[in-house]
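The structure appears below as C-alpha cells.
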Amino acid sequence: MRKGIRAERHIGEECGLFGIFSPECRDLAPLVYYGLYALQHRGQESAGIVVDRDGFFRAHRDAGLVNDVFGRAELDALGPGNIAVGHVRYATTGADIRNNVQPLLINHYKGRMALAHNGNLTNSAELRNALEKQGSLFHSSTDSEVIAYQIVQERLRTDSIEAAAASAMDKIEGAYSLVIASPAKLIAVRDPFGFRPLCMGHLADGSVVFSSESCALDAIGAVFERDLLPGEVVTVSENGISCDRRHCGKAPKRFCVFEYIYFARPDSVIDGASVCLARQQAGAFLAEEHPVPADVVIGVPDSGLDAAIGYAKASGIPYAIGFTKNKYIGRTFIESSQQDRESDVRIKLNPIRSVIEGKRVVLIDDSIVRGTTCRPTIRMLREAGAAEIHMRVSAPPFIAPCYYGTDVDDPEVLIATHHRTEEIAEIIGVDSLGYLSLEHAALLTGTDTGFCTSCFSGKYPTEVPAGSLKDRFEQRIHET
Ligand code: AMP
C-alpha cells in the first residue's frame, strides 16, 4: 500500500471516446458528432470535439448532451481538418464539469496535443504531486490531465509522441483508454489490463476511426476492424498505421464485466463478444441459479431487457414488455430533487397493467447499487396488480468501490454491504430476490477471458490508492 499520498474522493469516469484520421483534409466534426451521439449513453455531463488542421487545433467543448453542445454553427466553426477527436463525459456529482470538459488541449514545447480519456488512474495523486513539484500547473481535477502531462514529460526523452505515450505507460497505473491528436498523428492507447473498451475501424475513403464502442463505427458507416489489444498503442499518420505492443501481455486482461452488464450498448461488440448476447446469457444463468414458478418475465428498460429475454428463453416462462418507457425524458428530469424522484420514475416508466395484473412476475434489472431506483418501480408493479414479484438481478451484489472508472464508490451507500439478500428483498418489497453469481459473471461471454469483477468481490487486479475507500471497506469487513 502506498504511503503519504493524500486520500481523495474517487471521481468516476464513465466516458466515450471517438477519433478519426482522414487522408484528405475535410469536414470531420460532423462524423465525430454522430460518433459521440452513438456514445451518449457513456456520458451525459459534457461533450467536446477538437479538429486538427496541420497542427492548428480548433475546439468546442461544453457541459451538456451532444445535441445541446453542438449545433450546425458549432460544427461549421470547427472547420475542415485531417484529424479529429471527441469525448463525452460522465462524472459523479460535485465534480467541476466545466473545468473538466474534454478533449484536453495541451501546448507543450514540441507542439500541441488533444487528449480524450476513459477510465481512472490508481496512482494519479502521487503522479500529480510529483508533476506539481516539477512545476506543472493543473487546470482540472481529472486524471486525464495527469496522463497528458506525463506524456509531455516523456516527450522530452523520446523522439515521437507515440513513443512518449508508450513510455508514460510505464508510470501511469489503472484504467485508461485514450485517443490523442498530435499535429500530424492520431494515437489510440489501451491500458495493459484492458479495463475499458477501444476499437478501430475504417471508412471507404481510407479514414481510420477509433471508438469506445463499435456502435459508433456503425453510426458513421465505418467498418469494424478490431479491438485494440490491452497494452497496445496504435498510431495513424500519412505514413500509415503502426502498432507498439511493448506493453501487451505485461498484465492479465481485466476487462470491466459491468461494461457487458450495463454500460455498453447492446448493439456493440466488444473484444469479440456481443453485448446483447452477454446480457441474454446473464439472464439464462439467472434462470438456472434462481428458478421460480411464474407467469411472465419482464425487464426494466433498457439494460434489463436482454437479460429478461435470456431468462424467459432458459426458463420457458413467457417474456413480455412490462413497461412503457417515455422516450422524451431529458436529463433535467433525472436530476430533479429527491422529493420528485418518485414522480420522475412514474413519468419515465409506466407498467402495462394488462401484462401485470394477477400475474406472478419475474422482474429483471441489471443491478442494484443503492437500492433506491428499484423501489418505486416495484411499488408501481404492485399497484398494477402483480400477484407476486420475483426480482432477478443480472449482476452480482455491489460490495466494494471501483477504482477503474465505474461510478460505484463509497461502500457506505451500497445496499449489499449492509444487508443480506433476504433483507434487501424485504426493503425493496419483492417476494424473492436473486443475484447473478460471481462465477457466472465471469462466464458471460463464454469462457473466462479475464474480467475485472472487483466491485463485486473487493479483490483488485492493481494496487489501489492509500487511504482509499477500499481501506474503509476492508475495515468494515474486519469489524463484521
Ligand atoms: P440504485 O440501486 O438506486 O443505486 O440504482 C441502480 C440502477 O442504476 C441500475 O438499475 C442501473 O440501471 C443504474 N446504474 C447502475 N450502475 C450505475 C452507474 N455506475 N452509473 C449510473 N447508473 C448506474
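Atoms considered below: every heavy atom in the structure, side chains included; atoms not considered: hydrogens, waters and symmetry mates.
A side chain to side chain contact (heavy atoms under 4.5 Å, CB included) with P266 is found for exactly one of S274, C276, C215, namely C276. Paired with N118 under the rule side chain to side chain donor-acceptor pair (under 3.5 Å), one option of E14, R196, R42 passes, and it is R42. The only member of R254, R226, R190 that meets salt bridge (charged side-chain N to carboxylate O under 4.0 Å, His left out) when paired with D271 is R190.
Contact of the V362 side chain with the Y311 side chain is registered, since non-hydrogen atoms from C-beta on lie closer than 4.5 Å. Under the 4.5 Å side-chain criterion, counting only non-hydrogen atoms from C-beta, I298 is in contact with V361. Contact annotation: the side chain of I187 never approaches that of V234 to less than 4.5 Å [non-hydrogen atoms, C-beta and beyond].
We find the CZ-OG1 distance between F323 and T377 to be 6.0 Å, quoted to the nearest 0.5 Å. A distance of 14.0 Å separates CG of L17 from OH of Y176, quoted to the nearest 0.5 Å.
Aromatic ring centres of F451 and Y260 lie closer together than 6.0 Å. Aromatic ring centres of Y404 and F193 lie farther apart than the 6.0 Å criterion allows.
The aromatic rings of Y262 and F258 sit parallel, their planes meeting at an angle under 30°, below the 60° perpendicular limit.
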List the atom pairs, with distances to 0.1 Å, where a side-chain N or O of residues 389-401 and a protein N or O form a donor-acceptor pair under 3.5 Å, not counting sequence neighbours.
from : atom 1 : to   : atom 2 : distance (Å)
H390 : ND1    : S432 : OG     : 2.7
H390 : NE2    : E388 : OE1    : 2.8
R392 : NE     : H290 : O      : 3.0
R392 : NH1    : S432 : OG     : 3.1
R392 : NH2    : S432 : OG     : 3.2

